[in-house]
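For reference, the structure discussed in these notes is given below.
Below, each value reflects all heavy atoms present in this structure, side chains not excepted, and no hydrogens, waters or symmetry copies.
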Amino acid sequence: MHYVRIYVVAILGVFLLVITIPTQTITLAQNNTVDIQGRVIVGTTNGAPLPDGLQLELQVIDADSIQSVSTLTTAIDSDGSFLFSNAPQVVDNDFYLIYTTYNGFRQSTRPFRSDQADAVVFYVYETTDQLDDIVVTKGVMQIEEFSFLRNSGVNIEVVLELEVENRGDHILYSDGTAFSFELLVGAYGFSEVTTEGS
């Protein structure tokens with residue numbers, strides 16, 4: 001009788017172990033994913049309504065390489081809401097970006113983390129090629145008086161750095177690659193100075 005009791009207890013123990021193992025595996029899998037939900041909102045005053053079924057693309061970005069390591073897609077509902085189910089949960093400094101093309105221009109959210117995934121607000125804006133709301137807010141002029149520009153005969157170099165602010169509710173964009181700015185009094189030309197890779 002004593003052996004039978006031990007045998008029954010052993011079988012019951014193995015049975016309980018078998019039942020609990022799949023449950024733990026499912027819990028771990030759920031902890032490694034997250035549902036990302038939110039809404040797309042038109043930020044331009046009197047902007048065009050969101051197109052039906054506007055496609056969204058979620059990218060999981062590795063912070064070290066700044067490269068996408070996973071991509072999911074979904075479409076918005078009629079009220080602009082969206083849901084990405086079972087997205088990989090980011091760790092450390094990794095983050096998410098959501099992209100869409102609205103008004104002919106590819107736009108994205110700001111980077112966000114898993115703890116912000118339950119209420120993402122994605123503002124999209126119409127584009128303009130008008131400079132009415134573009135304001136120069138600050139300028140710094142640097143004069144290199146002993147520089148020499150080869151084959152030009154010029155031995156003074158002036159670099160003007162401008163801080164430009166968009167005070168409108170449109171993205172400044174043109175199919176061309178250039179915009180016109182009015183030069184400062186006395187200026188006769190300027191050239192863009194960029195660092196390598198920028």
Side-chain angles (χ1 to χ4, degrees), residues 29-140 160-179 181 192-198:
Q30 290 173 342
N31 287 341
N32 291 331
T33 62
V34 63
D35 289 344
I36 298 175
Q37 56 188 340
R39 176 168 291 176
V40 179
I41 298 174
V42 177
T44 302
T45 304
N46 299 321
L50 295 169
D52 292 337
L54 180 69
Q55 293 293 308
L56 303 180
E57 177 184 292
L58 172 73
Q59 292 190 9
V60 181
I61 307 296
D62 174 71
D64 294 329
S65 64
I66 314 298
Q67 297 292 322
S68 174
V69 294
S70 180
T71 301
L72 287 80
T73 58
T74 192
I76 63 169
D77 294 333
S78 58
D79 63 350
S81 61
F82 62 84
L83 172 66
F84 291 96
S85 298
N86 299 320
Q89 188 167 14
V90 293
V91 295
D92 301 326
N93 293 322
D94 298 346
F95 56 90
Y96 301 108
L97 288 173
I98 300 176
Y99 290 90
T100 193
T101 299
Y102 171 76
N103 198 228
F105 188 77
R106 185 167 165 85
Q107 305 180 38
S108 72
T109 60
R110 294 184 180 207
F112 63 96
R113 302 285 314 266
S114 298
D115 58 353
Q116 301 166 309
D118 59 344
V120 179
V121 179
F122 185 178
Y123 286 100
V124 294
Y125 299 90
E126 292 191 354
T127 62
T128 183
D129 59 1
Q130 301 301 305
L131 298 172
D132 300 346
D133 294 316
I134 306 302
V135 178
V136 177
T137 57
K138 185 168 87 174
V140 176
L160 177 62
E161 182 179 309
L162 299 177
E163 183 177 286
V164 181
E165 180 180 337
N166 183 355
R167 295 186 176 171
D169 60 359
H170 288 71
I171 294 174
L172 183 63
Y173 173 73
S174 172
D175 289 335
T177 58
F179 291 96
F181 285 89
E192 179 184 9
V193 178
T194 58
T195 57
E196 183 178 351
S198 67

Discussion item. Given Val124, which partner from the list Thr44, Leu50, Asn103 fulfils the side chain to side chain contact (heavy atoms under 4.5 Å, CB included) test?
Written reply: Leu50
Worksheet item: Within the distance-only criterion (no hydrogens, no angle test), does the side chain of Asp35 pair as donor or acceptor with the backbone N or O of Asn86 below 3.5 angstrom?
Response: yes
Practice prompt. Could you pull out the closest heavy-atom pair between Leu172 and Asn166, with the gap in Å?
Written response: N-ND2, 4.1 Å
Fill in: Reported CD1-to-CZ distance for the pair Ile134 and Arg167, which is rounded to 0.5 angstrom
10.0 Å
Discussion item. Let me confirm one number: the OG1-CG distance from Thr109 to Leu97, rounded to the nearest 0.5 Å.
Written reply: 5.0 Å
Worksheet, complete the sentence: residues 51-83 vs ring-ring contact (aromatic ring centres under 6.0 Å, His included), sequence neighbours excluded, gives Phe82-Phe84
Worksheet item: With Gln55, which residues qualify under side-chain hydrogen bond (donor to acceptor under 3.5 Å, both in side chains), at least two apart?
Response: none
Discussion item. Can you give me the closest heavy-atom contact between Ile76 and Pro51, atom names plus distance?
Written reply: CD1-O, 3.9 Å
Worksheet item: Rounded to the nearest 0.5 Å, how far apart are CZ of Arg39 and CG of Asp79?
Response: 4.5 Å
Worksheet entry | Heavy-atom closest pair, residues Gly168 and Asp133 | N-CB, 3.5 Å
Worksheet item: Would you say the side-chain atoms of Thr74 pair up with the backbone N or O of Leu56, donor to acceptor, closer than 3.5 Å?
Response: no
Worksheet item: Which residue pairs pass the ring-ring contact (aromatic ring centres under 6.0 Å, His included) test with at least one member in residues 118-138, sequence neighbours excluded?
Response: none
Worksheet item: Which atom names give the shortest non-hydrogen contact between Tyr102 and Gly47, and what distance separates them?
Response: OH-C, 4.1 Å
Item to complete: Kindly say whether Val90 contributes a backbone atom to a donor-acceptor pair with the side chain of Tyr96 at under 3.5 angstrom?
Response: yes
Response to the item:
Here the pair of heavy atoms bringing Asn93 nearest to Ala63 is O-CB, 3.2 Å
Discussion item. Main chain of Ser114, side chain of Gln89: is a donor-acceptor contact present, judged purely on distance under 3.5 Å?
Written reply: no
Worksheet item: Counting heavy atoms not belonging to Asp115, are there more than 12 under 6.0 Å from its CG?
Response: yes
Worksheet item: Which heavy atom of Ser68 sits nearest a heavy atom of Ile61, and at what distance?
Response: CA-CD1, 3.9 Å
Discussion item. Within this structure, what is the CG-CG distance for the pair Asp77 and Leu54, rounded to the nearest 0.5 Å?
Written reply: 11.5 Å
Discussion item. Once rounded to the nearest 0.5 Å, what's the spacing between atom CG of Leu83 and atom CG of Asp118?
Written reply: 11.5 Å
Worksheet entry | Derivation of the side chain to side chain contact (heavy atoms under 4.5 Å, CB included) call for Thr101 and Arg106 | CA-CA 4 Å; Thr101 299; Arg106 185 167 165 85; 4.1 Å; yes
Worksheet item: In Å and rounded to the nearest 0.5 Å, what is the CG to CZ distance from Asp92 to Arg113?
Response: 7.5 Å
Discussion item. Strictly distance-based, threshold 3.5 Å: is any side-chain N or O of Asp62 a donor or acceptor partner for the main-chain N or O of Val69?
Written reply: no
